[in-house]
K.L.:
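This is the structure, below, for whatever I ask next.
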Amino acid sequence: MSAEMKRLYWGYFGHLNPTFKKAVKCISGSYTKSSIFQSLTALLMVGSFLCFLVVMGCSYFFMLPSNEEVVDSDYRNRDSVSNSNSSSSRSSDFLNKGCNVFDGKWVIDETYPLYNASQCPFMERGFDCLGNGRNDQGYLKWRWKPQNCEIPRFDVRAVLEFLRGKRVVFVGDSLSRTQWESMVCMLMNGVEDKRSVYEINGNEITKQIRHLGVMFGPFNFTVEFYRSVFLVQPGLVPRHSPKRVKAALKLDQLDDISGEWIDSDVLVFNSGHWWTPTKLFDISQGLVFSDWWKDEARNVDK
């Protein structure tokens with residue numbers, strides 16, 4: 001803006017320069033054809049020029065605070081980007097250090113919880129302990145702390161920006177569904193217009209629905225859940241199987257809905273809870289392989 005003001009100033013000065021010289025000559029008496037009328041005209045022109053200088057000077061200094069605000073705003077934006085980059089940098093450092101997140105313990109953190117389950121519309125009613133009458137809140141304060149490192153604190157604004165335009169999918173059982181619910185509720189804290197966050201099919205959050213998805217409109221990304229307990233396809237019980245075998249699994253064939261999550265940007269699987277002796281009685285007799293795997297299974301048994 002200051003450069004534009006300077007350009008106008010010198011342009012106008014150049015335009016009035018010849019007239020200004022004539023006025024000076026008239027006042028000094030060197031202009032022989034001058035008259036009283038010409039003298040008054042010259043004085044008016046000089047006065048107008050001086051007024052123009054005053055107006056331009058005042059305008060220039062008046063515009064300076066606006067320029068400073070623009071500069072300050074630019075610095076604030078840079079600081080915001082810098083903070084976001086710093087958060088990403090801390091996360092990168094955390095990953096690069098090879099932190100063993102599985103070696104640690106639960107510690108009390110008074111800054112928790114990260115969201116209020118009773119205020120989140122995507123929290124299943126059965127998992128809202130406070131809403132169901134639980135009085136104590138100590139269980140909400142636990143945070144997992146690795147033994148030899150610190151997990152970066154959840155930065156909702158940084159995560160929302162990171163997920164912009166992406167698709168996040170959780171696949172698994174009820175444990176995955178509650179993780180999905182918690183993720184959605186944590187992310188909602190960073191969205192000003194809560195109405196812009198909605199279930200893509202208008203469904204209520206229940207365990208009967210196999211696919212649920214929440215759209216975060218302002219950031220154009222979805223966080224979805226698919227129920228698939230074993231992640232692979234179930235099959236018929238083989239002939240001559242023991243009576244205790246009630247079902248079989250095709251280990252080399254993903255669940256029939258796997259095609260719906262294959263194009264996700266972030267994919268979170270959870271199935272380990274089901275691969276235990278209490279769920280699968282006999283691995284050698286309770287699983288069914290397709291034709292390609294049958295020979296391999298026989299070789300393993302031998």
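Residue numbers start at 1 and run along the sequence shown.
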K.L.:
Report the distance from atom OG of Ser228 to atom CG of Leu254, rounding to the nearest 0.5 Å.
P.N.:
8.0 Å
K.L.:
Can you see which heavy atom on Pro113 is nearest to which on Lys141, and at what distance?
P.N.:
CD-NZ, 4.3 Å
K.L.:
Distance from Leu140 atom CG to Leu130 atom CG, nearest 0.5 Å?
P.N.:
5.5 Å
K.L.:
Do Leu187 and Phe154 have side chains that get closer than 4.5 Å, going by heavy atoms?
P.N.:
yes
K.L.:
Indicate the atoms forming the closest heavy-atom contact of Cys129 with Tyr139, along with that distance.
P.N.:
CB-OH, 3.1 Å
K.L.:
Between His211 and Ile200, is the side chain to side chain contact (heavy atoms under 4.5 Å, CB included) condition met? List the steps.
P.N.:
CA-CA 10 Å; His211 172 234; Ile200 56 179; 4.1 Å; yes
K.L.:
Is any side-chain heavy atom of Leu114 less than 4.5 Å from a side-chain heavy atom of Arg143?
P.N.:
no
K.L.:
Which atom names give the shortest non-hydrogen contact between Thr178 and Leu175, and what distance separates them?
P.N.:
OG1-O, 2.8 Å
K.L.:
Do Val184 and Phe162 sit in one hydrophobic cluster, given that two such residues count as connected whenever their side-chain heavy atoms are within less than 4.5 Å of each other, even indirectly?
P.N.:
yes
K.L.:
Would you say Ile209 and Val229 are hydrophobically clustered, going by side-chain heavy atoms of ILVMFWY under 4.5 Å?
P.N.:
no
K.L.:
Counting distance only, does the side-chain N/O of Asn132 pair as donor-acceptor with the main-chain N or O of Arg125 below 3.5 Å?
P.N.:
yes
K.L.:
I need the Lys145 NZ to Lys105 NZ distance, nearest 0.5 Å.
P.N.:
7.5 Å
K.L.:
Are there more than 12 heavy atoms of other residues, nucleotides or ligands under 6.0 Å from atom CZ of Phe102?
P.N.:
no
K.L.:
Can you get from Val232 to Trp261 by hopping between Ile, Leu, Val, Met, Phe, Trp and Tyr side chains that sit under 4.5 Å apart?
P.N.:
no
K.L.:
If you define the side chain from C-beta out and look only at heavy atoms, does anything of Ile205 sit under 4.5 Å from Met123?
P.N.:
no
K.L.:
Heavy-atom distance under 4.5 Å between the side chains of Pro218 and Val191, does that happen here?
P.N.:
yes
K.L.:
Using the rule that Ile, Leu, Val, Met, Phe, Trp and Tyr join whenever any side-chain heavy atoms are under 4.5 Å apart, tell me whether Val197 and Val266 fall into a single cluster.
P.N.:
yes
K.L.:
According to disulfide bond (SG atoms under 2.5 Å apart), does anything in residues 164-198 pair up with another residue at least two apart or in another chain? List the pairs.
P.N.:
Cys120-Cys185
K.L.:
Only counting residues at least two apart or in another chain, list the ones meeting salt bridge (Lys or Arg N to Asp or Glu O under 4.0 Å) with Asp255.
P.N.:
Arg210
K.L.:
Is any NZ, NE, NH1 or NH2 atom of the basic residue among Arg134 and Asp136 found under 4.0 Å from an Asp or Glu carboxylate oxygen of the other?
P.N.:
yes
K.L.:
How long is the gap from CZ on Phe122 to OH on Tyr198, to the nearest 0.5 Å?
P.N.:
10.0 Å
K.L.:
Tell me whether the count of non-hydrogen atoms from other residues, nucleotides or ligands lying under 6.0 Å of CD1 in Ile262 goes above 12.
P.N.:
no
K.L.:
Search all heavy atoms of Arg177 against all heavy atoms of Leu212 and return the closest pair with its distance.
P.N.:
CD-CD1, 4.5 Å
K.L.:
Measuring from atom CD of Gln233 to atom NZ of Lys250, what distance do you get when rounded to the nearest 0.5 angstrom?
P.N.:
5.5 Å
K.L.:
With a 4.5 Å heavy-atom cut-off, do Val214 and Phe225 have their side chains touching?
P.N.:
no
K.L.:
Which residue pairs pass the disulfide bond (SG atoms under 2.5 Å apart) test with at least one member in residues 190-244, sequence neighbours excluded?
P.N.:
none
K.L.:
Before giving the answer on side-chain hydrogen bond (donor to acceptor under 3.5 Å, both in side chains), spell out for Ser182 and Tyr115 the whole-Å C-alpha distance, their side-chain angles and the decisive distance to 0.1 Å.
P.N.:
CA-CA 8 Å; Ser182 294; Tyr115 66 91; 2.9 Å; yes
K.L.:
Applying side chain to side chain contact (heavy atoms under 4.5 Å, CB included) to Arg153 and Thr111, what does each step give before you reach the verdict?
P.N.:
CA-CA 11 Å; Arg153 185 172 177 80; Thr111 65; 3.1 Å; yes
K.L.:
Got a sec: does the CZ of Phe127 have more than 12 other heavy atoms crowding it under 6.0 Å?
P.N.:
yes
K.L.:
Using the ring pair (Phe, Tyr, Trp, His ring centres under 6.0 Å) criterion, which residues pair with Trp144? Sequence neighbours excluded.
P.N.:
Trp106
K.L.:
Side chains of Ile108 and Trp142, heavy atoms from C-beta outward: is any pair under 4.5 Å?
P.N.:
yes
K.L.:
Would Leu231 and Phe170 show up in the same hydrophobic cluster when neighbours are defined by side-chain heavy atoms closer than 4.5 Å?
P.N.:
no
K.L.:
About how many Å separate CZ of Arg164 and CG of Asn220, when rounded to the nearest 0.5 Å?
P.N.:
8.5 Å
K.L.:
Below 4.5 Å, heavy atoms only, C-beta onward: do Asp128 and Glu181 meet side chain to side chain?
P.N.:
no
K.L.:
Looking at Ser118 and Gly131, what are the two nearest heavy atoms and their distance?
P.N.:
OG-N, 3.7 Å
K.L.:
Using side-chain hydrogen bond (donor to acceptor under 3.5 Å, both in side chains), reason through Asp173 and Asn270 one step at a time and then give a plain yes or no.
P.N.:
CA-CA 7 Å; Asp173 55 6; Asn270 172 51; 2.9 Å; yes
K.L.:
Sequence neighbours left out, what passes ring pair (Phe, Tyr, Trp, His ring centres under 6.0 Å) with Phe216? Give chain and number order.
P.N.:
Phe221
K.L.:
Under the salt bridge (Lys or Arg N to Asp or Glu O under 4.0 Å) rule, collect the residues that match up with Glu224, sequence neighbours excluded.
P.N.:
Arg167
K.L.:
Of the non-hydrogen atoms in Val171 and Ser176, which two are nearest, and what is the gap between them?
P.N.:
O-OG, 3.4 Å
K.L.:
For residues Val159 and Met186, determine if any side-chain heavy atom of one lies less than 4.5 Å from a side-chain heavy atom of the other.
P.N.:
no
